[in-house]
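Here the structure is laid out as structure tokens; the discussion comes afterwards.
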Amino acid sequence: MATALAHSPAKFLPPVTAIPQFPDDPKTLILQQCKTTKDLNQVHAHLLKTRRYLDPTVTENLLESAAILLPTTTMDYALSIFDKIDHPDSSAYNVMIRAFTMKQFPYKALLLFKQMLENAVPFDEFTFPCTLKSCSRLRGKKEGKQIHAQIVKCGFGSNSVVLNTLIHMYANCGEVEIARKVFDGMPERDIFAWNSLFSGYVKSGYYEDAVKLFYKMRTSGVRFNEITLVSVLTACGRLADIELGEWIAEYTRANGLDVNVNLATALLDMYAKCGEVDKARRLFDQMGRRDVVAWSAMISGYSQARRCKEALQLFSEMQIANLDPNEVTMVSVLSCCAVLGALETGKWVHLYIKKKRMKLTVTLGTALIDLYAKCGQINTATEVFQMMPSKNVYSWTALIQGLANNGQGKKALEFYQLMRERNVKPNDVTFIGVLSACSHVGLVEEGHDFFNSMGKEFGIEPRMEHYGCMVDILGRAALIKEAYQFIEKMPIQPNAVIWRTLLASCRAHKNVEIGEKAVKQLVSLEPMHSGDYILLSNIYASVGRWEDAMRTRSRMKEKGIKKTPGCSSIELDGEIYEFLAEENAYPIKEVYCATEDMIKQIKAAGYVPNTADARIDAEEDDKEAAVSHHSEKLAIAFGLIKTRPGTTIRISKNLRVCTDCHNAAKIISKVYNREIVLRDRNRFHHFKEGSCSCNDYW
DNA sequence: TTAGGGTTAG
């Protein structure tokens with residue numbers, strides 16, 4: 001009998017005596033117990049053998065087991081069963097649509113819905129919820145509306161489950177008003193209706209509406225649940241509404257709801273977004289169970305608070321805890337590496353991503369572009385960009401910005417052109433990159449054109465940053481007077497950054513008159529900013545007005561303004577070393593000896609110390625000593641002795657680089673045949689073979 | 001069959 005079975009199609013098999021133990025209701029007793037494909041295969045084979053397979057209910061149960069109950073991520077097995085059904089009915093389709101939706105194949109779910117329509121298989125109340133959920137996932141507003149029409153046509157327009165998913169679909173696709181209309185039109189609203197609207201509001205960024213709705217829910221006496229609170233907490237975080245956030249935290253504690261991981265994570269995220277990172281950390285430490293989302297939320301909390309070292313520390317603790325990070329975790333980690341200029345750590349993360357075959361999502365790709373761009377490896381940033389399967393305005397902007405900051409303005413504008421050709425609409429941030437590219441290349445005319453196109457072509461109102469870029473463009477091109485006039489004509493009140501940009505151009509082009517005007521404005525706007533006094537004093541010194549320079553410095557002293565100490569850092573073997581001008585924690589003698597040796601070498605190649613940037617109240621000899629001990633020189637000297645010949649030296653500095661260090665770095669790059677990448681407060685400097693990518697303007 | 005937490009460019 002076994003031989004006959006193996007060679008005949010199931011349909012034409014002669015009846016076989018049923019195995020007495022096989023139950024009439026295989027679904028609950030056997031099919032639901034199947035844990036693996038192999039288990040199900042055995043049952044499947046048995047059903048074929050006993051011809052129970054011909055019973056449509058049994059087939060459907062088998063299909064449900066294969067599609068939904070098995071913990072597999074693929075749908076191959078389920079599809080093989082479904083494809084053998086001659087005329088699948090609504091239930092069979094519903095199972096498949098539900099499974100495709102659950103297993104993250106929303107597009108396939110919609111295709112099946114379309115197939116149902118084409119084959120005139122009638123819809124029932126179970127068809128719509130999952131189909132609509134797939135529309136939500138795909139942000140398929142158009143498809144969602146078409147399905148809505150079908151719902152009305154088939155007479156399911158008052159089914160509450162269907163209406164709840166409609167609310168969710170509309171709100172998730174950004175059609176918040178329609179979602180609200182559906183919600184308001186319901187005679188009775190259950191908790192699913194309320195929560196669908198909350199979630200939609202939050203996902204579409206309607207945070208105020210979410211909070212308002214929560215107050216309405218409370219006054220109308222409807223009971224909320226944990227799911228409601230998760231959505232409302234997200235809104236609180238975005239609005240920095242700590243008052244409501246604290247109320248929810250208190251409610252959660254009082255009702256013992258803090259064991260819910262989702263709610264606890266939403267709470268810690270709310271605290272972090274409201275600026276209470278330490279409170280968030282305490283909550284994190286108290287959590288009984290922490291999953292990858294909880295860890296990611298805490299790491300991102302540190303990252304957003306710019307407490308990057310703590311974020312990286314927590315990331316290494318996560319690995320010790322043996323929890324695998326995912327794409328979202330990596331985005332925050334990379335963002336921290338970018339801020340710290342920690343290229344080695346960032347590269348390690350990139351390798352890890354590749355090793356784990358993580359999907360290069362738009363967000364992850366953009367974080368990688370930003371990492372390499374901020375670490376001065378702009379070519380790698382471009383490579384990552386080209387590797388990305390999908391890109392959005394963020395990725396384009398990160399690259400344009402990165403190219404501009406790394407002194408490749410022309411290339412940045414080429415990518416902007418390409419972006420336009422690909423029909424990606426630029427936004428306000430994109431224009432900051434485009435305008436700063438114009439500034440680096442010295443394209444005054446084009447800069448004006450781009451600035452004007454913002455409003456005309458794209459309806460983007462220029463903000464302070466854009467005006468700042470224009471001042472930079474004009475100032476860099478030595479059009480100081482024009483820059484000053486431009487500021488005077490601004491329709492918004494210029495802030496300190498605008499005047500500081502003008503002041504920097506005055507320093508570069510030695511314009512004392514307008515420099516003094518800029519400082520006057522700056523003193524009234526930000527009287528305690530030390531950098532401005534130093535820039536003015538440097539302008540005086542650069543034209544030999546030593547007394548004025550000294551007077552400026554003493555005015556600074558009188559007002560009790562302290563100069564922010566210059567600090568440069570270098571990363572070696574994943575460890576970050578920091579250097580301060582003149583005083584240091586690191587083995588001082590070694591670093592100073594190396595620095596002196598380095599100065600000797602570059603002097604022989606024509607370096608003349610420019611003492612105008614030194615503390616001008618010092619004696620001439622001291623001045624030279626002071627400039628030679630600037631933090632960036634110490635860090636470069638340290639890099640020269642600690643890395644192999646030919647290795648690129650990467651330094652990050654907290655302030656702008658001074659003229660003397662800039663000049664020295666150019667000569668060092670030639671004498672030692674090293675590339676030096678120096679990231680200062682404002683921009684990148686790539687020193688190579690005696691010149692710098694900034695063309696001596698910064 | 002319907003609702004929930006963490007992410008990117010200045």
Side-chain angles (χ1 to χ4, degrees), chain A residues 68 91 94-95 97-98 101-102 124-133 136 156 159-169 171-172 190-200 202-203 224-234 237 260-270 272-273 291-301 303-304 325-335 338 361-371 373-374 391-402 404-405 426-433 435-436 463-466 468-469 497:
Chain A
I68 290 163
S91 313
N94 290 347
V95 164
I97 289 176
R98 183 150 59 100
T101 307
M102 273 170 56
D124 64 18
E125 58 179 313
F126 302 110
T127 314
F128 300 109
C130 284
T131 313
L132 287 171
K133 202 177 183 178
S136 294
F156 292 102
N159 178 299
S160 64
V161 177
V162 174
L163 286 173
N164 290 344
T165 40
L166 263 178
I167 294 171
H168 188 251
M169 182 277 295
N172 252 279
D190 61 13
I191 185 76
F192 283 91
W194 283 90
N195 287 348
S196 296
L197 192 59
F198 275 119
S199 134
V202 168
K203 291 231 170 73
F224 53 80
N225 65 9
E226 285 135 287
I227 295 169
T228 324
L229 295 180
V230 168
S231 288
V232 180
L233 278 171
T234 310
N260 180 322
V261 185
N262 288 10
L263 189 52
T265 309
L267 271 170
L268 92 78
D269 180 59
M270 178 277 297
K273 290 214 167 60
D291 61 9
V292 61
V293 182
W295 281 89
S296 306
M298 194 60 238
I299 291 172
S300 120
S303 159
Q304 282 161 16
N326 63 13
E327 287 91 343
V328 180
T329 328
M330 289 319 202
V331 170
S332 298
V333 172
L334 284 170
S335 157
T361 58
V362 181
T363 323
L364 188 56
T366 306
L368 277 169
I369 294 172
D370 190 47
L371 165 84
K374 287 218 172 89
K391 300 150 181 126
N392 64 8
V393 64
Y394 281 78
S395 354
W396 285 94
T397 305
L399 184 66
I400 291 170
Q401 200 94 253
N405 290 337
N427 64 17
D428 50 342
V429 187
T430 317
F431 276 104
I432 296 174
L435 292 174
S436 65
R463 281 188 291 114
M464 198 64 81
E465 288 85 345
H466 303 101
C469 288
V497 180

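To find a chain, count down the sequence lines: A is the first, B the second, and so on, and within it residues start at 1.
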Of the options [options], whose atoms approach the side-chain atoms of [X] most closely?
| X | options | value |
| --- | --- | --- |
| Val328(A) | dG10(B), dG6(B), dT8(B) | dG6(B) |
| Ile227(A) | dG10(B), dA3(B), dT2(B) | dA3(B) |
| Thr329(A) | dG6(B), dA3(B), dT8(B) | dG6(B) |
| Glu226(A) | dG4(B), dA3(B), dG10(B) | dG4(B) |
| Glu125(A) | dG5(B), dT8(B), dT1(B) | dT1(B) |
| Asp370(A) | dG10(B), dG4(B), dA3(B) | dG10(B) |
| Asp428(A) | dA3(B), dG10(B), dG5(B) | dG10(B) |
| Ile191(A) | dT2(B), dG5(B), dA3(B) | dA3(B) |
| Asn392(A) | dT8(B), dA9(B), dG6(B) | dT8(B) |
| Thr363(A) | dT8(B), dG5(B), dA9(B) | dT8(B) |

For [X], which contact category applies under a 4.0 Å heavy-atom criterion: base, sugar-phosphate, or nothing?
| X | value |
| --- | --- |
| Glu465(A) | nothing |
| Thr234(A) | sugar-phosphate |
| Thr165(A) | sugar-phosphate |
| Asp124(A) | nothing |
| Val202(A) | nothing |
| Val162(A) | nothing |
| Asn94(A) | nothing |
| Asp190(A) | nothing |
| Lys391(A) | nothing |

Which heavy-atom pair separates Val261(A) from Thr265(A) by the least distance, and what is that distance?
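Smallest heavy-atom distance, with atoms named: O-OG1, 2.6 Å.
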Closest contact, heavy atoms only, Ala404(A) versus Gly433(A)
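The pair with the smallest heavy-atom distance is CB-O, 3.8 Å.
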Close side-chain approach of [X] and [Y], heavy atoms under 4.5 Å:
| X | Y | answer |
| --- | --- | --- |
| Leu233(A) | Asp269(A) | no |
| Asn392(A) | Ser395(A) | yes |
| Asp428(A) | His466(A) | yes |
| Pro426(A) | Phe431(A) | yes |
| Thr228(A) | Ile191(A) | yes |

Once you round it to whole Å, what is the distance between [atom2] of [N] and [atom1] of [X]?
| X | N | atom1 | atom2 | value |
| --- | --- | --- | --- | --- |
| Asn260(A) | dG6(B) | CG | C1' | 15 Å |
| Phe224(A) | dG4(B) | CZ | P | 18 Å |
| Glu327(A) | dG5(B) | CD | P | 17 Å |
| Trp194(A) | dA3(B) | CH2 | P | 18 Å |
| Leu364(A) | dT8(B) | CG | P | 12 Å |
| Met270(A) | dG5(B) | CE | C1' | 13 Å |
| Leu263(A) | dG5(B) | CG | P | 12 Å |
| Ile369(A) | dG10(B) | CD1 | P | 12 Å |

Under 5.5 Å between ring centres and under 30° between planes: true for Phe126(A) and the base of dT1(B)?
no
Test Ile227(A) against Val230(A) for side-chain contact (heavy atoms from CB on, under 4.5 Å), laying out the working first.
CA-CA 5 Å; Ile227(A) 295 169; Val230(A) 168; 5.7 Å; no
Should stems be defined as at least three consecutive Watson-Crick or G-U pairs with both distances under 3.5 angstrom, which of them involve DNA chain B?
none
Is any side-chain nitrogen or oxygen of [X] closer than 4.0 Å to OP1 or OP2 of [N]?
| X | N | result |
| --- | --- | --- |
| Gln304(A) | dG6(B) | no |
| Ser199(A) | dG4(B) | yes |
| Lys374(A) | dG10(B) | yes |
| Lys203(A) | dA3(B) | no |
| Lys133(A) | dT2(B) | yes |
| His168(A) | dG4(B) | yes |

Tell me if the side-chain of [X] makes a donor-acceptor pair with the base of [N], cut-off 3.5 Å, by modelled atom types.
| X | N | value |
| --- | --- | --- |
| Asp291(A) | dG5(B) | yes |
| Ser300(A) | dG6(B) | no |
| Asn225(A) | dG4(B) | no |

Who are the side chain to side chain contact (heavy atoms under 4.5 Å, CB included) partners of Ser199(A), not counting sequence neighbours?
His168(A), Asn172(A), Lys203(A), Ser231(A)
Phe156(A): ring pair (Phe, Tyr, Trp, His ring centres under 6.0 Å) partners, not counting sequence neighbours:
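Phe156(A): ring pair (Phe, Tyr, Trp, His ring centres under 6.0 Å) contacts with Phe128(A).
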